[in-house]
Colleague: 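Quick one: the structure is below, and I'll ask about it shortly.
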Amino acid sequence: MVINNKHPSENFGSNSFSSELMPSDELIVDLDGFEGPMDLLLSLSRTQKLDLMKISILQLAEQYLDFVEKARSLKIELAADYLVMAAWLAFLKSRLLLPPGLDENEPTGEELAAHLAFQLERLQAMRDAAAKLMARDQLGRDFFARGNEEKVEKIKRIKYEASLLDLIQAYARTKTKDEFRPFVMDRDDVYTIEQALERMRGLIGYTIGWIDISTFLPDGWTSSAGRVRAATASTFAATLELAKNGDLELRQSDSFEPIQFRSKGTNK
Amino acid sequence: MIEEEKLTESLFEAPNIDQQERMVEAILFASSKPVTIKEIIGRLPYGCEPEKALKNLKEKYKSRGINLVKVGDCWALRTASDLSFLMQKETVEVRKLSRAAVETLAIIAYHQPVTRAEIEEIRGVSVSRGTIDLLMDLDWIKIGRRRVSPGRPVTFAITQNFLDHFGLESARDLPGLKELKSAGLLESPPPPGSSVPGELLEGEGEDLQSELFNEEKTI
Amino acid sequence: MIEEEKLTESLFEAPNIDQQERMVEAILFASSKPVTIKEIIGRLPYGCEPEKALKNLKEKYKSRGINLVKVGDCWALRTASDLSFLMQKETVEVRKLSRAAVETLAIIAYHQPVTRAEIEEIRGVSVSRGTIDLLMDLDWIKIGRRRVSPGRPVTFAITQNFLDHFGLESARDLPGLKELKSAGLLESPPPPGSSVPGELLEGEGEDLQSELFNEEKTI
């Protein structure tokens, strides 16, 4: 049996075997030439000189086990997958030789053998297909593309789009972008009655005697005439409200004289 | 005997003219450069005379989409020159104008003539050179007169093309903020159900303000 | 009046078939790569139906030194392969592929879409990263859709470029495909003992799903 394959496998490099170590022997094993146990099995099956569909799997299993045994006796270190295959084939062999087991769920030896035969046939078929494929006319070897390709000129035009609506919305956005208040009146110079009421309610309990409204304006509201007017009006309106509730009294000595208020609580 | 003679012929005589045409055709097609007569002869089987084949091919291709042309003393197959338009692929990519560009354009339209500094003040961010360039490229804005103020900054104004594009007769046709609001064109509309009497008052004030604003604009 | 009508026609109707042939010819000639029908249509004037022109051209070029070939859903002009002996100059030295690479390529072509695990099952050895990388580099294989099965493994499939390189119109034209299929050699039946009913069902579901997925992909 001579097995020698000149194409080293790219996947199988773990064998420490080198043929130089061997004395001349009828068995020359170059495991590096095989791409794993299936490849080896396929090579072995060819020695049966039979159609792949008709090979004896039992015989093949024996051939493989024999091969592994010889490799062992020659102290060739076999990779794990070769040993796994050997174990499996030994199992298969026993299955094929022994009468079928009672467990019907267990595959029979014939079924297992048939599957292995199928796998081998399929691998061989793929090898044949690969050979046929590579034997086809190939571009750049048997037929040729245009040598002087003409480049398609790509003209890219960018068209920018913006509608009037985009424009208007953009403008509205820029004009209103800070803490958007949809058309709320700017209140910088407006002192509301609510503000005045709140302030008055808080302070009135601490007042003693009559107080001029004009001297009771909030801080920062006497800087301009407009602000003074707004604050005065609101504060006055607030005093009216509080007077109505009976919280304070109002008086004015004459027309256009200062308006004064005092807390009703201070009287008690 | 005749059979034998024929065989000898095919071995030692040049291929027939049809076959020669095929060969010349294939050589010219696959070559990356125009090919000299000499080179064609060198590559054809012995005894070929490509001049004839070239002449025939030239005639055959005359009305086709590919032409055989002589370039100096070389020959080449070329696409017919009247079909060169097929070799261009024009793609139009429609892009939305960036937010920055639209805002800048809007400010120029509403405030023209306006300086860059003023645009920046309104937008609150600096205006990039690219934005202005793009708007100029689109012929939507132009450089207006210089402002009579320190540094004499240039101003920007919108163009006739802008008006055409946006379907406006004049910049004065641009709607004011008040109209925008009533048309519902403003983002973040006030929350619904907020029309209590107090707010009504506010609404009146607002009218006043937007009028003021309009006046500002026309300055 | 007739003059005017003619003008309108030429503006709005597609060019006649001769002219369409010339155009298709020019487009295909200019490209070294196969051109999709879609691109041809995109480059022709509005209203052209290049299928007819392509059919005519294919017939016309049949006996010439250049042939029109179909590659997947593309078309390309290629030199006639019987003239390869003239082309030594253009021949590119193709790197000899390792047996592993050739076998892996064949398995992908005949079994596509196929997962790495399935390739390994067929070859009986693991597929090295380098082999896949090489075939990807050659643009002969591509990553296909993920298999709808545990781990969602990627699948491999052949490319348009593969078809072009091996002069195939489609993957259906792979040599011996029919025979392999009818012999059941393109199947991957589970090994006996593992084919419990539940698993079989799962396998079926997967097939169904991957078909659905395929349709999705082509959208």
Colleague: What part of Ala162(A) lies closer than 4.5 angstrom to a heavy atom of chain B: side chain, backbone, both or neither?
Modeller: both
Colleague: Quick one: are Asp166(A) and Phe166(B) in side-chain contact, heavy atoms under 4.5 Å?
Modeller: no
Colleague: Between Ser98(B) and chain A, with a heavy-atom cut-off of 4.5 Å, which part of the residue counts as in contact: side chain, backbone, both or neither?
Modeller: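 Nothing of Ser98(B), per the 4.5 Å heavy-atom cut-off to chain A.
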Colleague: Would you find more than 12 non-hydrogen atoms of other residues, nucleotides or ligands less than 6.0 Å from Lys38(B) atom NZ?
Modeller: no
Colleague: Determine whether Trp140(B) and Leu167(A) make a side-chain contact, defined as any pair of heavy atoms from C-beta on separated by less than 4.5 Å.
Modeller: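 No - every pair of side-chain heavy atoms lies 4.5 Å or more apart.
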Colleague: Side chain, backbone, both or neither: which part of Phe85(B) has a non-hydrogen atom closer than 4.5 Å to chain A?
Modeller: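 Neither part, no heavy atoms under 4.5 Å.
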Colleague: Please classify the contact between Leu138(B) and chain A as side chain, backbone, both or neither, with a heavy-atom cut-off of under 4.5 Å.
Modeller: side chain
Colleague: Give a yes or no on whether Lys55(B) atom NZ has more than 12 heavy-atom contacts from other residues, nucleotides or ligands under 6.0 Å away.
Modeller: no
Colleague: Should we count CZ of Arg46(A) as having more than 12 external heavy atoms under 6.0 Å?
Modeller: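 Yes, enclosed.
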Colleague: Side-chain contact test, heavy atoms from C-beta onward, threshold under 4.5 Å: evaluate it for Glu103(B) versus Tyr171(A) and give yes or no.
Modeller: no
Colleague: Do you know which of Leu77(B), Leu86(B), Thr104(B), Leu134(B) has the most heavy-atom pairs under 4.5 Å to chain A?
Modeller: Leu134(B)
Colleague: Counting only heavy atoms not in Glu198(A), do more than 12 sit closer than 6.0 Å to its CD atom?
Modeller: no
